[in-house]
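Just below is one structure, and these are the notes that go with it.
Read the numbers this way: they start at 1 and go in the same order the structure lists the ligands and their atoms.
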Amino acid sequence: MDRIRIIGGAPLHGAIPISGAKNAALPLMIASLLTEDTLELTNVPRLADINSLLRILGNHGVDYTIAGKRPGQTAETGQTIRLSARHIIDTTAPYELVSTMRASFWVIAPLVARIGEARVSMPGGCAIGTRPVDLLIMALERLGAEIEIDRGYVIARAPKGLRGGEIAFPKVTVGGTHVALMAAALADGVTVIDNAAREPEVADLAACLIKMGAKIAGAGTSRIVVEGVSRLHGATHEVLPDRIETGTYAMAVAMTGGDVLLQNTRPELLESALEVLRRAGTDIVASNEGIRVRRNGAAIAPVDVTTDPYPGFPTDLQAQIMALMTRAKGTSRIRETIFENRFMHVQELARLGARIRLDGDCALVEGVERLKGAPVMATDLRASVSLVIAGLAAEGETTINRVYHLDRGFEALEVKLGRCGAQIERLRG
Ligand code: UD1
C-alpha cells in the first residue's frame, strides 16, 4: 500500500493548477444516463472515484472514451470523457460497486426517470437512518416513483414515467438536490424543489442539464423550478474548478508560509473559507489567473468556525482548517454541523503534537509552538489531507499510511506540492 513521506518545514512558493471538481464531475457523469446521445465532459480530474464511477456506469451499459492529450494541453489539463448511454443494458447497481462510493447511489434518479426502473444497493449496505438516503428516496416518491426496499437494495419503479411534484427538503442535502434535479428534468410537468442545496456543484449540474435541453430556473438558490421535458440530448460541458482542492492548498500555504498562485480557480466558489483564512492572517488576492495566497512572517491567528451548507464554511474543509489551527497563537473553536463523527483526524493530529479537545460537535484547538513528525494513518479523504497539511509544518518526518483515501479526491497531490518546494514523496508498495 502506498504511503506519503513528508519532511516538514519548507515554505511553499510557486503555482498550483487546480483540477476540475470531483464533486461536480460525479453527478455530471451520472447525468449521462439521462440521454441516448453523447455527453462530453472536459476538465475531469484523474481520481480513483472517477474510475470507480466509470466502472459503475459501464455496468449499466454506458460506453465511454477518455480522450488523450491534444497539442497545447499540459499535464494539468483534465481529462475529456465522452459518455454514451444509448443502450442501458442493466438497471441494477450492485453492492460491490456502490459500496466503494456513496455518490454512485445517485444513478437511481436518471435510471428511473428514463427507463422507469432502477435497483440500486444502499450505500455501505447500512440501514436508512444511520447512513441515510431517506431524503433522496422521498424526492423520488414525490415525483411518483414507487419505492421498495428489498435485501439491501432500493428498487424504484415508475413504469409510466415520473411526474412533476413539490419536493421540500427538511434538511439541505447536496445528493438529494442532485437526485431531484435529474429526476425532475425528465418528469412530466413542473417540479418545485424547496430548501435546495446551493452548492456550486448543484449549479454546475443544472448548467449542464440546461445545455442538454432541460428547463431549470433558480439553480444556485434554495428554490429550483424544473419544467420536465420528454427527452434530453447530448452536450459538451467543462467541469468547474474544485473549491475544496483550492481551499486545501490555500490552507497549506497559510500553514507553511510562502507565496503561491492557485491557478484556474475562482474566489467566489469559496468566499467563506477565504474569509476565515484572511482572519487567520493570510493575504489573499484574486486575479484573472486565479487566487494568490501569501503568509510571510505573521503568526497564525485563532478563528471560530462553524461548518454549514454553502455559502457557509464547507464541512469538506473542516479537517484542513483544524490542522492549520494546531499552530495558531491561541485557541480556536471548530464546530461541525453537517456530519456526526467527522473528527476522526483529531487523534491522528494529536500524534503530531496537536492539542485538541472534543466537546460534542465542537473541537477546541489550542495552538502549539511546534508539531513533530510521526507515522499517522489516513482515515478518510478530507482527514488524510489535513495530515498532509500538518506534516508540511511538523519538524522532521511524517509518514501517512493508507493514502488511497487521498487518491480518491486529490489529483497528483505530491507532485503539485513538491513543485512548490515541499519535501514530499510517495513511497510505493
Ligand atoms: C456531498 C459531498 C460531500 C460533502 C457533503 C456536504 C459529493 C460527492 N459529496 O455529500 O463531499 O461533504 O455533500 O457538503 O458531492 N442526509 C440525510 N438524509 C439523506 C441525505 C443526507 O439525513 O437522505 C444528511 C446527511 O447525513 C448529512 C446532511 O444530510 O448530515 C448533508 O448530506 P448531503 O448534503 O446529502 O451529503 P452528500 O450529498 O452525501
Side-chain angles (χ1 to χ4, degrees), residues 20-31 44-45 47-50 52-53 56 98-109 120 122-124 126-142 147 149 154 156 167-183 193 195-206 222 239-240 242-245 247-248 269-270 272-273 306-321 335-345 361 380-386 405 408-410:
K22 168 181 85 79
N23 284 356
L26 296 175
L28 288 165
M29 289 163 69
I30 290 173
V44 179
L47 296 171
D49 272 9
I50 299 294
S52 303
L53 183 58
I56 290 164
V98 177
S99 58
T100 61
M101 192 193 13
R102 186 174 155 74
S104 54
F105 183 82
W106 304 342
V107 299
I108 195 167
V120 180
M122 295 221 244
C126 298
I128 292 179
T130 52
R131 186 95 187 255
V133 284
D134 55 333
L135 299 177
L136 282 63
I137 290 174
M138 178 277 280
L140 294 174
E141 281 179 328
R142 289 297 166 135
I147 304 286
I149 314 276
V154 180
I167 302 170
F169 286 113
K171 180 177 198 176
V172 176
T173 153
V174 174
T177 309
H178 285 321
V179 158
L181 263 178
M182 286 190 268
I193 308 169
N195 200 21
R198 290 182 278 165
E199 268 66 3
E201 294 76 19
V202 169
D204 205 40
L205 173 65
S222 50
V239 178
L240 95 167
D242 195 318
R243 63 195 166 97
I244 303 304
E245 192 195 21
T248 299
L269 298 172
L270 71 162
S272 60
T306 299
T307 62
D308 262 319
Y310 191 85
F313 188 93
T315 175
D316 288 349
L317 286 174
Q318 181 255 107
Q320 295 90 316
I321 192 75
R335 191 165 161 242
E336 171 60 57
T337 70
I338 310 288
F339 290 108
E340 295 164 17
N341 299 329
R342 217 185 201 189
F343 282 135
M344 270 133 28
H345 42 285
D361 63 359
D380 71 31
L381 175 53
R382 312 304 175 183
S384 47
V385 83
S386 77
H405 289 295
R408 289 188 48 204
F410 289 89

Please classify the [X] to ligand 1 contact at 4.0 Å (heavy-atom distances, strictly less than): side chain, backbone, both or neither.
{"X": "W106", "answer": "side chain"}
{"X": "R102", "answer": "side chain"}
{"X": "T315", "answer": "side chain"}
{"X": "R342", "answer": "side chain"}
{"X": "K171", "answer": "side chain"}
{"X": "D316", "answer": "side chain"}

Ligand 1 N/O within reach of [X] N/O, cut-off under 3.5 Å:
{"X": "T173", "answer": "yes"}
{"X": "V174", "answer": "yes"}
{"X": "N23", "answer": "yes"}
{"X": "G176", "answer": "no"}
{"X": "L26", "answer": "no"}
{"X": "A103", "answer": "no"}

Original post:
Any idea which of V172, T307, V202 brings a heavy atom closest to atom 31 (C) of ligand 1?
Top reply: V172

Original post:
Should one rank A21, P132, S104, P27 by closest heavy-atom distance to atom 16 (N) of ligand 1, which comes out on top?
Top reply: P132

**OP:** Show your working on side chain to side chain contact (heavy atoms under 4.5 Å, CB included) between M182 and I30 and close with a plain yes or no.
**Re:** CA-CA 9 Å; M182 286 190 268; I30 290 173; 3.9 Å; yes

If you take all heavy atoms of [X] and [Y], which pair is closest and at what distance?
{"X": "F169", "Y": "N195", "value": "O-ND2, 2.8 Å"}
{"X": "A139", "Y": "A180", "value": "CB-CB, 4.3 Å"}
{"X": "L205", "Y": "P27", "value": "CD1-O, 3.8 Å"}
{"X": "V174", "Y": "A197", "value": "CA-CB, 3.8 Å"}
{"X": "S386", "Y": "A319", "value": "CB-O, 3.1 Å"}
{"X": "L317", "Y": "G247", "value": "CD2-C, 3.8 Å"}

**OP:** Evaluate side chain to side chain contact (heavy atoms under 4.5 Å, CB included) for L26 paired with E201, printing each intermediate quantity in order.
**Re:** CA-CA 10 Å; L26 296 175; E201 294 76 19; over 6 Å; no

**OP:** Step by step, work out the side chain to side chain contact (heavy atoms under 4.5 Å, CB included) result for Y310 and V202.
**Re:** CA-CA 10 Å; Y310 191 85; V202 169; over 6 Å; no

Distance from [atom] to nearest protein heavy atom, with residue and atom:
{"atom": "atom 23 (O) of ligand 1", "answer": "L135 N, 2.7 Å"}
{"atom": "atom 38 (O) of ligand 1", "answer": "G175 N, 2.7 Å"}
{"atom": "atom 19 (C) of ligand 1", "answer": "D134 OD1, 3.2 Å"}
{"atom": "atom 32 (O) of ligand 1", "answer": "F339 CZ, 4.0 Å"}
{"atom": "atom 30 (O) of ligand 1", "answer": "I338 O, 2.6 Å"}

Original post:
Is atom 35 (O) of ligand 1 less than 4.0 angstrom from at least one protein heavy atom?
Top reply: yes

Subject >> Short side-chain to backbone donor-acceptor contact, T306 and R335, under 3.5 Å >> reply: no

Subject >> R342 side chain to T315 backbone, donor-acceptor under 3.5 Å >> reply: yes

**OP:** Going by the salt bridge (Lys or Arg N to Asp or Glu O under 4.0 Å) test, name the single residue among R382, R243, K22 that passes it with D316.
**Re:** R382

**OP:** Kindly determine whether L136 and I108 satisfy side chain to side chain contact (heavy atoms under 4.5 Å, CB included), including the steps that lead there.
**Re:** CA-CA 9 Å; L136 282 63; I108 195 167; 5.9 Å; no

Subject >> Atoms in ligand 1 with a heavy atom of V133 nearer than 4.0 Å >> reply: 23 (O)

